[in-house]
Amino acid sequence: MKEHIFLASPHMSEEGFEQEFIQEAFDTNWIAPLGKNVTEFEKEMSGFLGAKAAVALSSGTAAIHMALKSAGVRQGDLVFCQDLTFSATANPILYEKATPVFIDSEPESWNMSPKALELAFEKYDKMGKRPKAVLAVHLYGLCAKIQEIAALCKKYEVPLVEDAAESLGTTCQGRYTGTFGDYGIISFNGNKIITTSGGGMLLVNTEDAKERAAKVLYWATQAREPARWYQHTEIGYNYRMSNIVAGIGRGQLKVLDKRVGKKREIYQYYQDHLGDLPGISFMPMQDGARSNCWLTAIQLEEGCQVKPLDIMEALEKDDVESRPVWKPMHLQPVFSGCDFITQVEGVCLTEPVTGADSSIGGQIFQHGVCLPSDTKMKEEDLERICRVIRALWQPDAAKE
Ligand SMILES: *Cc1c(COP(=O)(O)O)cnc(C)c1O
């Protein structure tokens with residue numbers, strides 16, 4: 001019997017670090033929200049990454065929501081948001097009844113195009129409008145052109161939020177993603193590079209990071225005023241991470257470097273064993289960046305004999321999980337009517353079934369597949385996956 005291979009599944013430390021932190025919480029009855037694991041996890045993570053302050057929250061989505069709120073995003077405001085991403089990046093903009101403007105990607109990083117971002121600033125400047133925040137993503141652990149994006153945000157005096165949900169451990173010029181923007185967010189969802197079963201963290205990197213983090217902590221714990229009785233002057237949320245969950249996170253942080261090493265080996269393995277197939281290419285690695293390779297994503301060029309769906313179906317038949325690349329936000333019915341800024345002229349529909357178009361993000365979506373990138377995979381698992389994929393290029397050899 002062949003074993004099921006996951007796209008990316010939770011991988012607890014071999015040493016049992018997570019259990020030790022959880023046991024300590026049980027022994028001291030620090031089960032309920034506040035406790036040592038939460039504050040220590042924040043300190044350890046911000047220390048490791050080099051962020052000025054951190055707030056542990058119930059999810060990455062909650063962290064994005066709090067970042068936008070802290071940046072001053074309110075009803076009717078504009079937020080310039082990366083278009084090619086998971087919907088969790090964009091949804092919190094709508095929680096605050098603000099308006100997203102989606103910004104296309106560029107081919108070298110697959111992330112927000114600094115040129116398209118500049119076009120967006122210019123277009124809205126002419127109307128006398130400026131966004132309250134820019135929300136950029138480091139997709140699949142690939143570093144965005146974050147220094148160029150940050151420079152533009154500085155020029156227009158707009159706060160930058162980095163969605164580093166998928167890129168924990170990725171560095172750009174030796175500095176961790178999530179520490180370039182005014183805010184960074186991390187996710188510890190089950191399929192991310194390290195997981196707490198579910199959770200997230202907000203990083204704050206501004207001069208007044210401590211005050212901003214304190215305000216987020218207040219919103220995230222029901223906005224209780226420091227009074228003897230229950231007093232509220234603002235709407236609050238129940239977004240705080242629990243002490244048990246934080247214990248898992250502290251244990252997982254100890255193996256982050258190891259997980260990044262393994263993810264990078266997986267990427268390298270695929271490149272070595274599939275790279276010669278005609279029409280296949282790999283997600284781009286930029287000079288000066290070291291990706292955590294959260295998922296290895298490939299592209300099958302237009303006219304390639306094998307289509308992304310062929311790979312997904314062949315792997316599924318072999319009980320192996322793979323996924324399409326994120327479908328861009330401007331192609332999502334829920335965001336129809338939102339503005340979309342791209343450098344591509346005359347964007348047109350290219351794939352009637354999925355609705356992909358000729359924008360950069362649309363093309364990455366149309367031609368992309370995410371290959372299994374589970375850190376628990378053994379060499380024989382990778383061999384099996386590559387055999388299934390290679391057979392699609394040599395249909396006769398596969399029948400032997
Ligand atoms: C996973 C993810 C999120 C959301 O994180 P949760 O912890 O699941 O809420 C946000 N953005 C991106 C790009 C993600 O991949």
Side-chain angles (χ1 to χ4, degrees), residues 6-10 41 45 54-69 79-96 100 102-103 105 109-112 133-144 146 149 160-170 177-178 180-181 183-203 216 220 237-242 245-246 248-249 252-253 259 263 283 291-297 323-330 332 334-335 361 364-365 368 370 373:
F6 290 95
L7 184 79
S9 69
F41 187 32
M45 186 61 85
V55 186
L57 299 167
S58 54
S59 70
T61 311
I64 296 171
H65 186 190
M66 291 293 96
L68 295 178
K69 208 166 150 64
V79 175
F80 289 175
C81 176
Q82 181 160 324
D83 181 57
L84 180 64
T85 187
F86 180 41
S87 65
T89 307
N91 284 336
I93 301 169
L94 278 296
Y95 300 169
E96 286 301 320
F102 294 111
I103 313 289
S105 285
S109 68
W110 284 17
N111 289 303
M112 184 182 277
V134 169
L135 188 36
V137 188
H138 303 284
L139 223 55
Y140 301 126
L142 300 172
C143 194
I146 198 66
I149 293 168
L160 172 61
V161 181
E162 273 178 281
D163 179 344
E166 302 179 1
S167 69
L168 179 58
T170 292
T177 55
F180 291 88
Y183 303 90
I185 79 95
I186 314 169
S187 165
F188 308 113
N189 187 22
N191 62 9
K192 297 292 166 24
I193 191 154
I194 61 170
T195 182
T196 60
S197 75
M201 201 178 279
L202 174 70
L203 308 170
V216 166
Y237 302 85
N238 185 3
Y239 275 172
R240 193 67 163 138
M241 180 180 277
S242 96
V245 159
I248 307 176
Q252 285 271 280
L253 183 54
R259 298 291 177 264
K263 292 274 193 190
M283 61 185 193
S291 172
N292 74 356
C293 294
W294 173 56
L295 295 183
T296 294
R323 289 280 169 88
V325 162
W326 302 123
K327 181 171 175 174
M329 293 303 107
H330 82 279
Q332 301 289 356
V334 68
F335 294 120
I364 294 172
F365 160 58
C370 298
S373 307

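In this chain, residues are counted from 1 in sequence order. In each ligand, atom 1 is the first atom listed, and ligand 1 is the first ligand listed.
- Closest to atom 5 (O) of ligand 1 among all protein heavy atoms lies Ser187 OG, 3.2 Å.
- Among protein heavy atoms, atom 15 (O) of ligand 1 sits closest to Glu166 OE2, 2.5 Å.
- Of the N and O atoms on the side chains of Asp163 and Gln82, not one donor lies less than 3.5 Å from an acceptor on the other residue.
- Glu162 and His138 form a side-chain donor-acceptor contact under 3.5 Å, judged by distance and modelled atom types alone.
- The proximity of Asp163 to ligand 1, defined as any non-hydrogen pair under 4.0 Å, is limited to the side chain.
- Annotation for ligand 1: atoms under 4.0 Å from non-hydrogen atoms of Ala88 are 3 (C), 4 (C), 10 (C).
- For the ligand labelled ligand 1, residue Gly199 lies inside the 4.0 Å heavy-atom shell.
- Scanning the protein heavy atoms around atom 9 (O) of ligand 1, the nearest turns out to be Thr61 OG1, 2.5 Å.
- The backbone N or O of Trp294 lies less than 3.5 Å from a partner atom in the side chain of Asn292, making a donor-acceptor pair.
- Less than 4.0 angstrom separates some heavy atom of Ser59 from each of these atoms of ligand 1: 7 (O), 9 (O).
- Classified by interplanar angle (parallel below 30°, tilted 30° to 60°, perpendicular above 60°), the ring pair Tyr239/His65 is perpendicular.
- Aromatic ring orientation, Phe86 versus Trp326: parallel (interplanar angle below 30°, classes split at 30° and 60°).
- Contacts with ligand 1 closer than 4.0 Å are made by side-chain heavy atoms of Thr85 only, the backbone lying farther away.
- At least one N/O-N/O distance between Gly60 and ligand 1 falls below 3.5 Å.
- No close placement of the Tyr95 and Tyr237 rings is indicated, their centers lying 6.0 Å or farther apart.
- Using a distance-only test at 3.5 Å, with no hydrogens or angles considered, a donor-acceptor pair links the side chain of Ser291 to the main chain of Gly141.
- Taken to the nearest 0.5 Å, the CG atom of Asp83 stands 8.5 Å off from the CD1 atom of Ile103.
- With a heavy-atom cut-off of 4.0 Å, Ala165 touches ligand 1 through its side chain alone.
- Scanning the protein heavy atoms around atom 2 (C) of ligand 1, the nearest turns out to be Lys192 NZ, 2.9 Å.
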